[in-house]
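Working notes for the structure below.
For this chain, numbers begin at 1 and follow the sequence in order.
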Amino acid sequence: MRVEFRLLGEVCARVDGKPVDVGPTRQRYVLTALLVEANHPVSMDRLAERVWGEDRPPQAAGTLRSYLSRLRAAVPVVEEWGIRRRSGGYLLEVDEAAVDLHLFHRLLAQARGGRDGVEPVGLYERALALWRGEAFADLDTPWLTALRHTLQAERFAAQLDCQDLRLRRGEDATLLADLAALAAVHPLDERLAGQLMIALYRSGRQADALACYTRVRRGLAEALGTDPGATLQRLHQQILSADPALAPVRVPATADVGAASRTPSMARDVASVPRTPPTPVDVALVPRTLPAAPPLFVGRARELAELDDALNVQLTTGTVRIVAVGGCGGIGKTWLALHWAHRNADAFADGQLYVNLRGFDPCDAPMSAVVAVRTLLGALGVDPAAIPPTLDAQVALYRSLVSGRRMLIVLDNARDTTQVAPLLPGNPSCFVLVTSRHELAGLMAGHGACPITLPPLGQVEARRLFTRHVGSRRAAAEPAAVAGLLELCAGLPLALSIIAARAKIRPDFPLRALAENLGRDSARLDALDAGEPAADLKAVFSWSYRTLSAPAARLFRLLGIHPGPDADEEAAASMAALDRAQARRLLTELTRAHLLIEHRPRRYTFHDLLRAYAAEQALTRDTQTVRRAGSHRVLDHYVQTAHAAMLLLYPHRHPITLSAPREGVRPTVLTDPQQAMAWFTAEHAVLIAAVRQAADLGFGTLTWQLAWALVTYFDHQGHWPELLSTQQTALAAAQRLGDRLGQAHAHEGLVRVYTRLGRHDKVRAHVEQTLTLFGALGDRVGLANAHRGVASLLETHQGYQEALGHAEQARELYQQAGHRAGLAHALNAIGWYHTLLGHHDQALIHCQRALDLHRELGHQHGQATTWDSLGHAHLHLGHHAQAAACYEQALNLFREVADRYNEAATLVRLGDAHHAAGHDQPAGHAWRCALEIFDQLGHADADRIRPKIHDHLDR
């Protein structure tokens with residue numbers, strides 16, 4: 001049995017060439033995260049981060065275990081693959097040749113390895129043929145997006161490498177059409193332009209080759225303000241002079257493979273540029289260029305242990321290790337790297353190299369790769385006059401010099417993977433430690449880097465750092481003041497160091513006074529001033545703020561009063577009344593000034609202290625009218641977008657009527673349910689905060705409308721505490737406003753959440769209010785929904801006959817309103833109450849009518865609830881196989897629409913059907929899966945399931 005996994009296109013699995021269903025979208029995220037790290041353990045934290053990003057659910061670990069269990073069941077376990085539990089995480093064991101992503105990398109390595117007898121062009125073509133489209137084409141998370149971009153760059157580079165080799169063999173005419181098409185997609189790529197120019201020239205089209213150069217030169221000047229590089233300029237001159245060196249060099253397919261594949265520049269190959277002579281090097285030099293170790297380093301035990309583990313892996317396996325330390329500015333990345341480097345200096349007998357890449361320097365641009373490599377070559381003892389002129393040659397020399405040497409290479413403050421990649425050694429003897437404010441997903445995916453993300457210091461570590469600064473006696477004398485300072489510095493080591501420095505400068509100044517100053521919002525950042533600019537956090541922030549353009553500064557201030565922890569481009573655009581392109585330019589300006597962090601693609605956030613600085617600037621520089629208008633626009637943005645997203649996910653829910661968006665508001669455009677779910681997931685925390693802010697600012701209508709749009713999403717995802725709090729806030733806001741429609745909808749939401757939580761004592765009052773308010777408003781659909789709520793309440797007290805009467809009243813009201821989706825729900829409810837009353841044949845008739853209508857409407861969730869009702873009727877008629885089949889239908893549909901609660905409830909009933917049929921093993925499996933979901937949701941039904949499982953185990 002042959003198992004294959006495909007990631008270079010839509011994610012899928014095949015067994016003996018036949019496709020296998022690997023489950024819903026989130027389950028495929030889990031499989032993909034494990035496959036990318038095939039044969040390497042992935043911690044639960046990292047797996048959760050890659051599946052959910054910043055919006056992981058509270059019970060992520062339990063949900064992951066459920067997905068893993070289903071993956072094991074979906075794909076037959078054979079010797080070639082399996083998911084194994086490891087300490088702290090999971091490992092997917094698989095033959096890497098069975099995973100197209102890893103086979104792609106293996107073939108590229110073989111093609112570039114230059115082994116005798118291997119035809120590199122064939123290897124490149126095999127590697128490129130593995131691609132069926134964009135990598136992970138059917139999945140979209142911030143991590144996968146970054147990885148997809150990296151892989152696309154690798155694919156493009158492989159295409160260029162293959163084309164270089166084919167041009168060397170004289171395949172100009174064959175390549176010409178493909179090169180022209182590729183150049184149209186990548187009009188500014190100089191290497192590709194050089195390939196096309198040579199193919200055109202060799203085909204007798206010298207004028208077209210020169211015109212191609214002119215187009216590239218103009219494009220570079222317009223887009224980047226630069227000229228083509230020296231290589232392309234030299235090729236241009238060779239074409240002008242008809243240089244004989246441009247004739248194809250016909251090389252036998254297997255001859256000089258190493259040289260062909262290792263030469264990165266096609267233009268250099270065909271021009272036969274002479275090699276740089278050997279470089280004079282001081283071979284006796286042992287470089288030790290680390291800066292001094294930080295004097296007051298505390299804590300970070302977990303991160304130091306991870307670094308030690310990485311070093312041990314390198315020592316025991318002989319593989320190159322790259323560790324990327326990430327985190328926001330001022331979090332202590334460099335101090336961690338230097339502390340560990342000095343502590344382990346003896347492990348690197350051949351020296352330690354350090355370079356500050358200045359990726360986020362507020363004064364200088366990031367260091368270019370050329371400057372960085374020359375810096376490293378100088379540290380290695382290379383005579384500056386003998387350093388080769390081109391970057392490719394410099395990198396080759398650098399890698400040759402560190403090859404086989406036991407060295408530590410610290411690349412500090414990196415901007416991105418592109419900046420780091422040329423500085424990576426090509427052999428396993430070196431250990432590389434990179435620090436950056438960015439995640440560097442490309443470094444992890446393309447080069448196997450291990451990520452370590454630094455969080456803010458915990459209370460214990462922060463206290464130790466502060467105490468070491470000011471002295472234990474002084475800290476012990478004012479514990480309450482110290483606690484306040486620690487909380488207000490938000491665990492940022494830079495802030496703690498600044499406030500401690502101020503305390504040391506004035507030893508008689510009470511810490512209590514510092515804490516009081518820092519605690520006042522208007523003076524919070526003023527207190528973080530140690531008396532000189534480099535140690536004044538507010539001054540450091542202001543240096544960047546003063547360099548902003550006026551529009552960027554305005555956006556920065558507005559984002560300081562944004563309700564949520566982060567904001568996407570569209571929300572920022574609405575808040576500032578900009579179009580999206582304008583907003584993107586200003587957000588880019590803010591991130592480049594290090595006043596904002598793009599912590600996920602197109603999502604932006606602050607460190608807490610930067611947020612305080614932005615809010616302070618808004619309070620001092622903008623009028624209340626300006627601030628209120630910005631808040632009104634962004635809240636309207638969330639209402640408009642949430643309403644549209646809700647209707648995409650739940651198109652058969654009866655909508656409310658919104659006012660037209662305010663001037664300047666541009667709601668996010670969502671086109672399908674997947675985008676809508678992704679938007680709700682990404683904005684989860686923001687939307688909760690937006691409901692609170694809308695209420696606090698007195699925007700009562702926006703408050704209840706936004707809360708209304710969140711009801712079904714929160715309910716299906718099991719976010720009942722959030723559903724309860726937002727509906728309570730909405731009810732209070734609508735009552736203050738005297739808005740009866742808003743009150744009715746808020747009461748309706750509270751009926752739903754209290755029913756889910758089993759708080760039936762709370763349900764009755766809200767049900768009565770919905771009947772009264774919707775009746776007074778003449779809202780037949782709302783009133784019908786209210787009758788269904790009454791029926792559900794009566795069901796909890798076994799008042800099935802009365803419940804049936806209310807369901808029939810709901811049916812009449814839906815028919816009068818012409819609301820066909822509601823009618824289908826009412827028919828299903830009637831069938832459900834019939835089966836609870838023992839009228840199972842009548843239940844089948846009503847439920848079948850409901851199912852037909854739901855199918856006609858394309859309403860998946862309605863179909864799921866109706867299949868569940870049909871299963872109940874069949875089960876009690878003794879039709880065990882039919883009942884199980886109905887429950888399976890319901891289960892698949894609930895999973896499709898991501899209704900976690902009803903998925904679990906149906907699993908319970910599926911287990912009951914199997915148990916009634918005497919099938920104990922599938923019954924136990926279904927009950928255990930249900931229990932896992934109920935536990936994840938924190939639902940009381942978990943206690944109802946446990947006895948079933950215990951009884952089952954006792955058999």
Side-chain angles (χ1 to χ4, degrees), residues 25 29 49-56 134-153 326 328 360 415-418 436-442 445 453 548 551-552 554-556 558-560 562-607 610-611 614 630 633-634 637-638 640-642 644-645 648 664-672 674-687 689-690:
T25 300
Y29 284 143
E49 181 180 353
R50 292 184 174 182
V51 172
W52 286 286
E54 297 292 326
D55 302 310
R56 71 178 71 182
E134 280 194 336
F136 330 115
D138 52 340
L139 304 179
D140 188 19
T141 66
W143 172 68
L144 285 177
T145 299
L147 179 54
R148 184 183 295 118
H149 291 163
T150 299
L151 291 172
Q152 187 59 39
C328 69
F360 299 90
R415 180 74 176 186
D416 51 32
T417 301
T418 302
S436 177
R437 296 184 189 184
H438 283 173
E439 186 184 30
L440 303 183
T453 302
L548 296 174
R554 172 177 174 265
L555 178 58
F556 176 73
L558 286 172
L559 289 174
H562 178 274
D566 63 356
D568 64 6
E569 287 178 353
E570 291 89 347
S574 290
M575 194 167 198
L578 303 168
D579 64 43
R580 186 171 176 179
Q582 290 173 314
R584 184 181 298 118
R585 285 195 296 271
L586 298 181
L587 290 166
T588 300
E589 183 177 347
L590 291 171
T591 56
R592 287 176 177 170
H594 317 300
L595 292 172
L596 208 59
I597 300 169
E598 188 179 5
H599 69 116
R600 291 167 53 191
R602 298 180 297 280
R603 293 196 71 85
Y604 300 84
T605 190
F606 296 101
H607 183 276
L610 264 172
R611 185 184 299 277
R633 284 192 299 269
V634 78
H637 166 89
Y638 287 122
Q640 300 283 341
T641 309
L648 282 169
V665 173
R666 292 169 179 81
T668 302
V669 177
L670 304 170
T671 59
D672 57 49
Q674 291 73 31
Q675 288 184 356
M677 180 60 77
W679 186 83
F680 271 128
T681 302
E683 303 291 352
H684 182 109
V686 178
L687 294 169

Practice prompt. Decide yes or no for Q675 and D140: does some side-chain heavy atom of the first lie under 4.5 Å from some side-chain heavy atom of the second?
Written response: no
Practice prompt. Verify, without hydrogens or angle tests, whether E683 (side chain) and L687 (backbone) share a donor-acceptor contact under 3.5 angstrom.
Written response: no
Practice prompt. Return yes if some donor-acceptor pair links the side-chain N/O of S574 with the main-chain N/O of R633 below 3.5 Å, else return no.
Written response: no
Worksheet, complete the sentence: On a heavy-atom basis, the closest approach of L587 and Y604 is CD1-CE1, 3.5 Å
Worksheet item: For the side chain of R148 and the backbone of F136, is there at least one donor-acceptor N/O pair under 3.5 Å apart?
Response: yes
Fill in: Main-chain N/O of A576 paired to R554 side chain as donor or acceptor, under 3.5 Å
yes
Discussion item. For a salt bridge (Lys or Arg N to Asp or Glu O under 4.0 Å) check, start with the C-alpha distance between R603 and D566, then their side-chain angles and the critical distance, and finish with the verdict.
Written reply: CA-CA 7 Å; R603 293 196 71 85; D566 63 356; 3.0 Å; yes
Worksheet item: Is there a side-chain contact between L586 and F556, using heavy atoms and a 4.5 Å cut-off?
Response: no
Discussion item. Main chain of A573, side chain of R666: is a donor-acceptor contact present, judged purely on distance under 3.5 Å?
Written reply: no
Worksheet item: Is the H562 ring parallel, tilted or perpendicular to the Y638 ring (thresholds 30°, 60°)?
Response: perpendicular
Worksheet item: Rounded to the nearest 0.5 Å, what separation is found between the OG1 atom of T605 and the CZ atom of R611?
Response: 5.0 Å
Worksheet item: Looking only at heavy atoms, what is the nearest atom pair of L151 and A135, with distance?
Response: CD1-CB, 4.0 Å
Practice prompt. Would you check if H637 and T668 make a side-chain contact, meaning some heavy-atom pair closer than 4.5 Å?
Written response: yes
Fill in: Minimum heavy-atom distance R415-S436, with the two atoms named
O-OG, 4.1 Å
Practice prompt. Report the residues that fulfil side-chain contact (heavy atoms from CB on, under 4.5 Å) with R584, sequence neighbours left out, ordered by chain and then residue number.
Written response: E569, R580, T588
Practice prompt. Examine distances only and state if a side-chain atom of R50 and a backbone atom of Y29 form a donor-acceptor pair shorter than 3.5 Å.
Written response: no
Worksheet item: When you measure from the side chain of T641 to the backbone N and O of P667, does any donor-acceptor pair fall under 3.5 Å?
Response: no
Response to the item:
For P565 and A685, the nearest pair of non-hydrogen atoms, with its separation, is CG-CB, 3.9 Å
Practice prompt. Taking all non-hydrogen atoms of both residues into account, name the closest pair between A552 and L590 and its distance.
Written response: O-CD2, 3.7 Å
Discussion item. Tell me the closest heavy-atom pair linking A645 and W679, and the distance in Å.
Written reply: CB-CE3, 4.1 Å
